[in-house]
Asks: 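My structure is below; once you've seen it, I'll send some questions.
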Amino acid sequence: MKNRNWNGLWIGCLSALLVGCGGGPELSDVEGVVTVNGKPAANVEITFQPTSGGRASVGMTDEAGEYELIYSPSATGAIPGPHTVTIAAVEGVLAPEDTSTGSEMLEGPDSGVSEFAGVQKSVTVESGSNTIDVSFP
């Protein structure tokens, strides 16, 4: 009879551990393009901060202004719901002109990005996959 009680206890503990392994908030994939004054913003950090609190998600734009959000070192995406979005220039990186598409790229961190460092945009991350393009101004 004592063995049955211990077996039940072990099964309960194991179940609790397995449920805990999938912990963390639900995340939705988020990608998009950041533009400043109508041009792709290369080498810009974009931050999505949930308005209800919680960990922010961050992305870095490539030479085409494209980003994908990272929630943690082991998870991509953002918490679904309303967010405040901000951008910041990454110093010491120059964006070359994109000759493959003919679009003119922003050059350097002070090419218009810095003037929008304090500007906040409001967006909503939906469940599932999201493409959220952000334009400044």
Side-chain angles (χ1 to χ4, degrees):
M1 183 132 156
K2 285 187 176 184
N3 283 341
R4 256 190 278 160
N5 289 340
W6 282 106
N7 286 340
L9 180 63
W10 282 110
I11 291 172
C13 288
L14 182 59
S15 296
L17 286 173
L18 290 176
V19 170
C21 289
E26 171 194 349
L27 298 174
S28 296
D29 293 331
V30 180
E31 64 182 19
V33 176
V34 176
T35 56
V36 173
N37 296 321
K39 299 176 185 175
N43 304 309
V44 170
E45 181 180 87
I46 184 165
T47 303
F48 278 52
Q49 178 65 55
T51 58
S52 62
R55 179 185 297 178
S57 295
V58 179
M60 178 68 76
T61 62
D62 63 13
E63 58 276 348
E66 298 174 351
Y67 72 92
E68 179 179 2
L69 291 182
I70 306 291
Y71 180 74
S72 71
S74 61
T76 59
I79 297 170
H83 286 73
T84 300
V85 177
T86 57
I87 60 171
V90 177
E91 294 185 29
V93 181
L94 296 178
E97 184 175 0
D98 183 359
T99 56
S100 64
T101 63
S103 63
E104 185 180 324
M105 299 296 295
L106 294 172
E107 294 181 13
D110 291 323
S111 55
V113 176
S114 295
E115 73 180 280
F116 298 106
V119 176
Q120 298 180 343
K121 298 276 184 165
S122 296
V123 301
T124 299
V125 174
E126 303 292 338
S127 293
S129 294
N130 295 259
T131 299
I132 301 176
D133 296 335
V134 184
S135 299
F136 293 86

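Residue indices begin at 1 and follow the sequence shown. What you are looking at is a predicted structure, and each value in this text was computed from that prediction instead of being measured.
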Asks: With a 4.5 Å heavy-atom cut-off, do Leu69 and His83 have their side chains touching?
Replies: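 A side-chain contact under 4.5 Å is absent here.
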
Asks: Could you see if Val58 belongs to whatever hydrophobic cluster contains Tyr67? Use Ile, Leu, Val, Met, Phe, Trp, Tyr and a side-chain cutoff under 4.5 Å.
Replies: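 In one cluster with Val58: Tyr67, no.
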
Asks: Give a yes or no on whether Phe48 and Ile70 share a hydrophobic cluster (residues Ile, Leu, Val, Met, Phe, Trp, Tyr; joining criterion: side-chain heavy atoms under 4.5 Å apart).
Replies: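 Result: no, two separate clusters.
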
Asks: Kindly determine whether Lys121 and Phe136 satisfy side-chain contact (heavy atoms from CB on, under 4.5 Å), including the steps that lead there.
Replies: CA-CA 9 Å; Lys121 298 276 184 165; Phe136 293 86; 3.7 Å; yes

Asks: Between Ser127 and Glu26, does any side-chain donor sit less than 3.5 Å from a side-chain acceptor?
Replies: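 Side chains of Ser127 and Glu26: pair found under 3.5 Å.
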
Asks: For Asn130 and Gly128, indicate whether the former's side chain and the latter's backbone hold a donor-acceptor pair under 3.5 Å.
Replies: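 Pair found, side chain donor or acceptor close to backbone of Gly128.
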
Asks: Measuring only between side-chain heavy atoms, which start at C-beta, is Val85 closer than 4.5 Å to Ile46?
Replies: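 Heavy-atom side-chain distance check passes, below 4.5 Å.
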
Asks: Minimum heavy-atom separation for Thr131 to Gly32, with atom names?
Replies: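 Closest heavy-atom pair between Thr131 and Gly32: CG2-CA, 4.4 Å.
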
Asks: At their closest point, which heavy atom of Thr47 faces which heavy atom of Ala56, and how far apart are they?
Replies: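 Residues Thr47 and Ala56, closest heavy atoms: CG2-CB, 3.9 Å.
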
Asks: Taking all atoms of both residues into account, what is the closest heavy-atom pair of Ala42 and Thr61, and its distance?
Replies: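 Minimum heavy-atom separation between Ala42 and Thr61: C-OG1, 3.3 Å.
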
Asks: Would you give the length of the straight line joining atom OG1 of Thr124 to atom CD1 of Ile132, rounded to the nearest 0.5 angstrom?
Replies: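 Answer rounded to 0.5 Å: 8.0 Å.
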
Asks: Are Thr51 and Thr84 linked by a side-chain donor-acceptor pair shorter than 3.5 Å?
Replies: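 There is no such pair between these side chains.
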
Asks: Looking at Ala88 and Val113, what are the two nearest heavy atoms and their distance?
Replies: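 It is C-CG1, 4.1 Å.
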
Asks: If you define the side chain from C-beta out and look only at heavy atoms, does anything of Asp29 sit under 4.5 Å from Thr76?
Replies: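 A side-chain contact exists here, since the closest heavy-atom pair is under 4.5 Å.
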
Asks: Main chain of Gly77, side chain of Glu31: is a donor-acceptor contact present, judged purely on distance under 3.5 Å?
Replies: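 No.
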
Asks: Work out which heavy atom in Ala64 is nearest to a heavy atom in Val33; give both atom names and the distance.
Replies: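 That would be O-CG1, 3.9 Å.
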
Asks: Provide the closest heavy-atom pair for Gly65 versus Pro40 in the form atom of the first, atom of the second, distance.
Replies: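 Heavy atoms of Gly65 and Pro40 come nearest at N-CB, 4.0 Å.
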
Asks: One pair to check against side-chain contact (heavy atoms from CB on, under 4.5 Å): Ile79 and Tyr71. What are the steps and the verdict?
Replies: CA-CA 8 Å; Ile79 297 170; Tyr71 180 74; 4.0 Å; yes

Asks: Are Val36 and Ile87 side-chain neighbours, meaning at least one heavy-atom pair lies under 4.5 Å?
Replies: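 A side-chain contact exists here, since the closest heavy-atom pair is under 4.5 Å.
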
